[in-house]
Each structure stands twice: as C-alpha cells, then as structure tokens.
Asks: 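Quick one: the structure is below, questions incoming.
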Amino acid sequence: MGSVIGRLVGIVVVAWIGAIVAAMVGAVMAKRNAPQLPDPSADEIDLQAIFQALDFRSTAGQFRGGTLVCWFGGGTLDLRDASLDPAGATLQIRAIFGGGMILVPETWNVITRVRGMGGAQDSRPLADRPGDAPTLTLEGM
C-alpha cells in the first residue's frame, strides 16, 4: 500500500513540474507575439506582462476596457487619470502564475467577476456611489 501511495505522489509531482514547464514554454511563445504598450490615451487597451513588470497609466478620454494578461509577471494598471465611457467598460483579465493591481477613481463602480485560485477584490474604502456612476466590470481568471 505504501508503494502505491509513493507512486501516486511521484506521478503528481512529475505532472505538476510538467505543467509548470508547459506554462513557461507557452509564456515564452506568447511573449514573442505580445503587442507593444498602447498609447496612454487609448480608449481600449491590450496589455501583457509576461516575465516582466507592468506599470501603465491610462489617460483615456472614454475608457472602454480591453485585456490584461499577467503570465509569470504583473504590476500596476492605473486608471485614475482615465475617464470611463458612459456605457461602462469591461476589462478581461487572465493571470497565470502572476497578478497585479488595478487602480481606479473613487467615483467608479467596480463589478468583479474574476474566478480562480487567486483572488480579486475591491480594496477601496466603502463609499456610497451614485447609481448612475460609471461601472468597470472585471472578468476573467
């Protein structure tokens, strides 16, 4: 019985190492095709922090969202100088062995629909925001 458990543990360890190596190879390949940082005034963004730090400050006039990928990397996406599109915005987030911080103005509503092993939370102080306040929706894993 002990040898069966030992084999199972060995298989799990090898599988875990294989998954990490596969994730690293995937990240290297994705980094080759990663887009350049967008103009800070762009209303839609495509940001990738792959094996590197991200420090991006948006000054968008009508921020509509975009994508944020943190793969063995992470950093800060600062939206405090951006204005949200009146219809709101959706930011698609994917974090694989990485993570980051998204800074938003106090006046924005934030809806978080991020799932996975990590966590996502609005850590701003609780405040009564008007019902018609602009809304940023965070989706992803």
Asks: Under the side chain to side chain donor-acceptor pair (under 3.5 Å) rule, what pairs show up with a residue in residues 92-103, not counting sequence neighbours?
Replies: Gln92-Glu139
Asks: Taking the side chain as every heavy atom from C-beta outward, state whether Trp71 and Gln48 have any pair of such atoms under 4.5 Å apart.
Replies: no
Asks: Using the rule that two of Ile, Leu, Val, Met, Phe, Trp, Tyr join whenever any of their side-chain heavy atoms come within less than 4.5 Å, decide whether Ile96 and Phe51 are in one cluster.
Replies: yes
Asks: Please round to the nearest 0.5 Å and tell me the distance separating atom OG of Ser58 and atom CD of Glu44.
Replies: 11.5 Å
Asks: Do we see a donor-acceptor contact under 3.5 Å between the side chains of Asp81 and Thr59?
Replies: no
Asks: Do Arg57 and Arg80 come within less than 4.5 Å of each other through their side chains, counting heavy atoms only?
Replies: yes
Asks: Would you tell me whether Asp78 and Thr76 have side-chain atoms, one donor and one acceptor, within less than 3.5 Å of each other?
Replies: no
Asks: For the residue pair Asn109 and Leu136, establish whether any side-chain heavy-atom pair is separated by less than 4.5 Å.
Replies: no
Asks: State, yes or no, whether a side-chain contact exists between Thr107 and Leu84 at a heavy-atom distance under 4.5 Å.
Replies: no
Asks: Would a 4.5 Å heavy-atom cut-off, applied to side chains only, mark Leu91 and Thr67 as touching?
Replies: no
Asks: What residues form a side chain to side chain donor-acceptor pair (under 3.5 Å) with Asp85, not counting sequence neighbours?
Replies: none
Asks: Are any non-hydrogen side-chain atoms of Phe63 and Asp43 less than 4.5 angstrom apart?
Replies: no
Asks: Are Val69 and Ile20 linked, directly or through intermediate hydrophobic residues, by side-chain heavy-atom contacts shorter than 4.5 Å (ILVMFWY only)?
Replies: yes
Asks: Does Thr112 reach the main-chain N or O of Val114 with its side chain, forming a donor-acceptor pair under 3.5 Å?
Replies: no
Asks: Check for me, please, whether Val12 and Val4 land in the same ILVMFWY cluster - side-chain distances under 4.5 Å, paths through other members count.
Replies: no
Asks: Under 4.5 Å between any side-chain heavy atoms of Leu68 and Leu138, yes or no?
Replies: no
Asks: Return the orientation label for the Trp16 and Phe97 ring planes: parallel under 30°, perpendicular over 60°, tilted otherwise.
Replies: perpendicular
Asks: Would you check if Thr135 and Val110 make a side-chain contact, meaning some heavy-atom pair closer than 4.5 Å?
Replies: no
